[in-house]
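Taking it in order: structure first as structure tokens, then the write-up.
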Amino acid sequence: MECLRDGINLNWLDRGTSEIFPDSRDSENADENLLQRLKETDRPLRVKLGIDPTAPDIHLGHSIAFRKLRSFQDGGHTAVLIIGDFTAQIGDPTGKSEVRSQLTPDKVKQNAEDYLEQLRPILDFHTPGRLEIRYNSEWLAGLDLSKILTLLSTMTVGQMLAKEGFALRYQQENPIYLHEFLYPLMQGYDSVAVSADVELGGTDQKFNIAVGRDLQRYFGQRPQFGLLVPILLGTDGVQKMSKSLGNYVGLKEDALTMYSKLEKTPDSILDNYFELLTDLNPEELPENPRERQKKLALEVVSQYRGKEAALKAQETAINLVITSGGDTEAVPEYSLAEVKFPAKLFYILNVSGLCKSSGEGKRQIKGGAVRLAGEKVSDADLSFESATELYGKVVRLGKKKFVRLVE
RNA sequence: GGGUCGAUGCCCGAGUGGUUAAUGGGGGCGGACUGUAAAUCCGCUGGCUACGCCUACGUUGGUUCAAAUCCAACUCGGCCCA
């Protein structure tokens, strides 16, 4: 992924790419063949990627598009990050999406900063000209009604209803609000506002990106290319990765947590994860599925937390299983300072975050899931008189959740 | 605006006056097995430091000894008509 003009090496373009459109691979026409366009261009292309500042943390699922964006950066192009502070108020109707809470400008700003912070390991923030950050309220907030009507008049209801999400909801007789129709148009207008040459997005963004092309054409611009990346499946291997489903790996999680989640990646999606989340050559991966899981976990954690932390997480993870808490160094700590004694164990399970509630804590003990300093606890009402007797001990829930109790 | 149907626990979905946090499925969590996987089997699946006390079937009132179940108004949705 070297140079701009004689960029012979464009292999990165296809890795983990789900679809590029328009897609005429044999064409010499740079308007319908992105590869051709990349070879011909005499200036950095403007590669747009929109982010939604409603969710403060991002996970590996989001990382795919950003990784692709990084590839463009490394190829000498300009990443144009659009922070959808304005569109966030409407909510992308892609997916189920319901009423969105209105975010205050401050909140949006803070989310955006958090977001950018998490992207540091992925994107090139330093090389001049490689990154441009824009807020779409800049051009959307000031649109007047006549302009909005112009936007609206470029599409028909039939076209809107062709969008997968809408079609489904319409068919299932679920409500579709009129303002939701505006979302694709606003996102499309973003492309006009920043003169995008390429827009990246998940496959679920195809419609919106296509609208961008239409609008650019309408406003006399050269239409952008759409480059779609797959939606990453969650660690359950079935549903898409999402925080609300709990099958995610967050970009700002600690090394051990990330490692623990990744090392149990289901076999069925392991190859997929390697392709989308790493740059490793499939040929060079270990044969043994268990070793592959470890390799994946190590590799991905290294990207975000550094190699050293990743290796340490791996070591800790292995030790934890073997010794049930022998090497406790990397285990998250929980301070008992706030706990009032005498205290029940199920209460500690709750406040330390191991369980969602005291009730769950009690149930887990009954179910034989809880160990204290390696010993299985069977008394659901086990209580402790003082904190000192617990200092340094590791509480374990199930196989992979640990907390070390400290002063 | 009119008519009509609907709103149940994370999700779907039973229940239509009376033990009981409320059948069942999914999902989730835990146990066995294993490769800390998949498949399979089993258990758990409102909250509270808890022999008891709270809060729950769209909202608010009402009828009743008793209501998720009956009544009224309201809110929100679907469909049909305009």
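Order of the sequence lines sets the chain letters (A, B, ...), proteins ahead of strands, with each chain counted from 1.
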Checklist line | Option passing side chain to side chain donor-acceptor pair (under 3.5 Å) with A:Glu253 (candidates A:Lys261, A:His59, A:Arg305) | finding: A:Lys261
Next item on the list: Would you mind telling me which of B:rC29, B:rA37, B:rG30 lies closest to the side-chain atoms of A:Pro266?
Entry: B:rA37
Check: Does A:Gln293 get its side chain close enough to the base of B:rG35, under 3.5 Å, for a donor-acceptor pair?
Finding: yes
Checklist line | Positions of residues 345-356 of chain A (non-hydrogen atom under 4.0 Å from RNA chain B), listed by number | finding: A:Phe346, A:Tyr347, A:Asn350
Check: Quick one: do the A:Gln205 and A:Glu199 side chains pair a donor with an acceptor below 3.5 Å?
Finding: no
Check: Going by atom types alone, do A:Ser27 and A:Asn33 pair a side-chain donor with an acceptor below 3.5 Å?
Finding: no
Next item on the list: Examine the base of B:rG35 for any acceptor or donor lying under 3.5 Å from a partner atom in the side chain of A:Asn288, and report the outcome as yes or no.
Entry: no
Check: Atom CG of A:Leu262 to atom P of B:rG35: distance rounded to whole Å?
Finding: 21 Å
Next item on the list: Please determine if a side-chain N or O atom of A:Tyr177 lies less than 4.0 Å away from the OP1 or OP2 oxygen of B:rG77.
Entry: yes
Next item on the list: Choose from B:rU36, B:rC44, B:rG30 the nucleotide whose nearest atom is closest to any side-chain atom of A:Arg363.
Entry: B:rC44
Notebook entry, point to check: Would A:Ser191 and A:Gln216 count as having a side-chain donor-acceptor pair, cut-off 3.5 Å?
Noted result: no
Check: Is any side-chain nitrogen or oxygen of A:Ser357 closer than 4.0 Å to OP1 or OP2 of B:rC48?
Finding: yes
Note to self: Just by distance, no angles: are the side chains of A:Gln73 and A:Asp124 close enough, under 3.5 Å, to form a donor-acceptor pair?
What the structure shows: no
Notebook entry, point to check: Judged by modelled atom types alone, do A:Asp14 and A:Thr17 share a side-chain donor-acceptor pair under 3.5 Å?
Noted result: no
Note to self: Please confirm whether the shortest side-chain N or O distance from A:Ser358 to OP1 or OP2 of B:rU49 is below 4.0 Å.
What the structure shows: yes
